[in-house]
Amino acid sequence: GRITFAVAATGEVDRHYGVFQTLGERFVMIRWGRPSGIDAALVAMNQDCKARAKELREAVHKLIGGLSTQEPPLSSKMQYSIAALAEFTVWARTHIDRSGSAKEIEYVPEPEAPTRLAQQLAQLAKGSALVMERSKVGDDDYSLVKRVAFDCISTPRRRLLEALISGEKGTGAASTLFYAGQELEALELLSGGALSAFARGLLTKAGVL
């Protein structure tokens, strides 16, 4: 059997990647930005919680009830892109244990197989197309898939990878970026501070580069 559920968490979740790896990766992530300061606070203070819950419940029922029973097809080209993206992601999110105050890398584990993640991303692509009433999976659906795939990577690594892909400077504490780069080098995704040939090959096949 299979149970699907959603869980909300803070950024603290990035500190527990080792647990996810030990138990076997099961979750995909999508990260949301912080609500804008004062405006968000004013909305929260003046909201009608009961009315909000009722509106949300009705909207979800309307959405689910109106979905087509026809599964949007996924082209062979799109399947190949998702497979390459999943392969890149499982390498990039592999947890590396560090020891002591010096934070030395103890060992580099073998990445998980991309099979489960590829299935999850494929279902996400189809679900996106279904909700948007598209007859087949398209580029907009794949954009969502790419976002989720990168959101599955811990924040420091993700920011560094996105910066290297876009040709910009990584953001965050220098020490954090250093450790992220060191780990990505150990995982063969970086070489000399740049994307490795291995990483570039996967990202090109995935349509990211």
Side-chain angles (χ1 to χ4, degrees), residues 11 13-32 74-98 105 107-129 137-172 176-209:
V13 70
D14 281 336
R15 291 167 55 87
H16 301 281
Y17 264 72
V19 176
F20 294 162
Q21 293 270 314
T22 301
L23 297 177
E25 292 281 4
R26 292 294 187 277
F27 296 98
V28 293
M29 296 187 183
I30 188 161
R31 300 174 190 265
W32 297 96
L74 197 61
S75 68
S76 297
K77 180 181 178 181
M78 189 73 75
Q79 289 182 39
Y80 188 79
S81 295
I82 290 175
L85 183 62
E87 175 70 354
F88 177 83
T89 303
V90 296
W91 279 83
R93 75 180 183 180
T94 297
H95 176 73
I96 292 180
D97 283 321
R98 292 178 177 271
I105 292 177
Y107 79 102
V108 181
E110 182 179 34
E112 63 181 298
T115 49
R116 180 183 291 114
L117 182 60
Q119 289 176 322
Q120 291 171 318
L121 295 179
Q123 289 299 103
L124 178 63
K126 293 177 183 179
S128 174
V137 176
D139 291 339
D140 287 342
D141 306 307
Y142 189 56
S143 292
L144 175 62
V145 168
K146 287 189 287 188
R147 174 184 173 179
V148 170
F150 272 80
D151 279 355
C152 289
I153 303 169
S154 63
T155 299
R157 292 186 192 179
R158 186 186 79 254
R159 287 177 176 171
L160 181 55
L161 287 168
E162 289 175 341
L164 291 171
I165 290 169
S166 63
E168 300 176 355
K169 186 177 180 181
T171 58
T176 301
L177 290 176
F178 170 78
Y179 289 129
Q182 192 179 53
E183 292 170 359
L184 290 171
E185 292 252 7
L187 291 166
E188 303 177 20
L189 295 179
L190 297 189
S191 177
L195 291 171
S196 67
F198 172 59
R200 295 187 67 84
L202 288 175
L203 291 171
T204 299
K205 292 173 182 175
V208 175
L209 287 179

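No donor-acceptor pair closer than 3.5 Å links the side chain of Gln120 to the backbone N or O of Phe27. No donor-acceptor distance shorter than 3.5 angstrom exists from the side chain of Thr176 to the backbone of Pro156, with no hydrogens or angles considered. In terms of modelled atom types and a separation under 3.5 Å, the side chain of Thr204 and the main chain of Arg200 share a donor-acceptor contact. Arg157 places no side-chain N or O within donor-acceptor distance of the main-chain N or O of Leu184, the cut-off being under 3.5 Å.
Leu189 approaches Ala199 most closely through the heavy-atom pair O-CB, 3.3 Å. In this structure, Ser128 and Asp141 approach most closely via the heavy-atom pair OG-OD1, 2.7 Å. When every heavy atom of Leu187 is checked against every heavy atom of Ala92, the shortest pair comes out as CD1-O, 4.5 Å. In this structure, His95 and Pro109 approach most closely via the heavy-atom pair O-CG, 3.1 Å. Contact detail for Ala122 and Leu74: the closest heavy-atom pair is CB-CD2, 3.8 Å. Annotation for Tyr80 and Lys205: closest pair OH-CD, 3.5 Å, computed over non-hydrogen atoms.
Atom OG1 of Thr115 sits about 10.0 Å away from atom CD of Glu87, to the nearest 0.5 Å. A distance of 13.5 Å separates CZ of Arg159 from CD1 of Ile153, quoted to the nearest 0.5 Å. Atoms CD1 and CD, from Ile165 and Glu162 in turn, are 7.0 Å apart once rounded to the nearest 0.5 Å. Here Asp139 contributes atom CG and Met78 contributes atom CE; the two are 5.5 Å apart, rounded to the nearest 0.5 Å. In this structure, CG on Leu160 lies 12.0 Å from CZ on Phe178, to the nearest 0.5 angstrom. Leu203 CG to Lys146 NZ: the interatomic distance, rounded to the nearest 0.5 Å, is 10.5 Å.
Judged purely by distance below 3.5 Å, without hydrogens or angles, the side chains of Arg31 and Thr155 pair a donor atom with an acceptor atom.
Residues Val108 and Thr94 form no side-chain contact, since every pair of their non-hydrogen atoms from C-beta on lies 4.5 Å or further apart. You'll find the side chain of Leu85 reaches within 4.5 Å of the side chain of Tyr142, heavy atoms only. Two residues are said to be in side-chain contact when any heavy atoms from C-beta on lie closer than 4.5 Å; Gln182 and Arg98 meet this criterion.
Cation-pi contact between Arg147 and Trp32: present, with separation from the ring centre below 6.0 Å and deviation from the ring axis of at most 45°.
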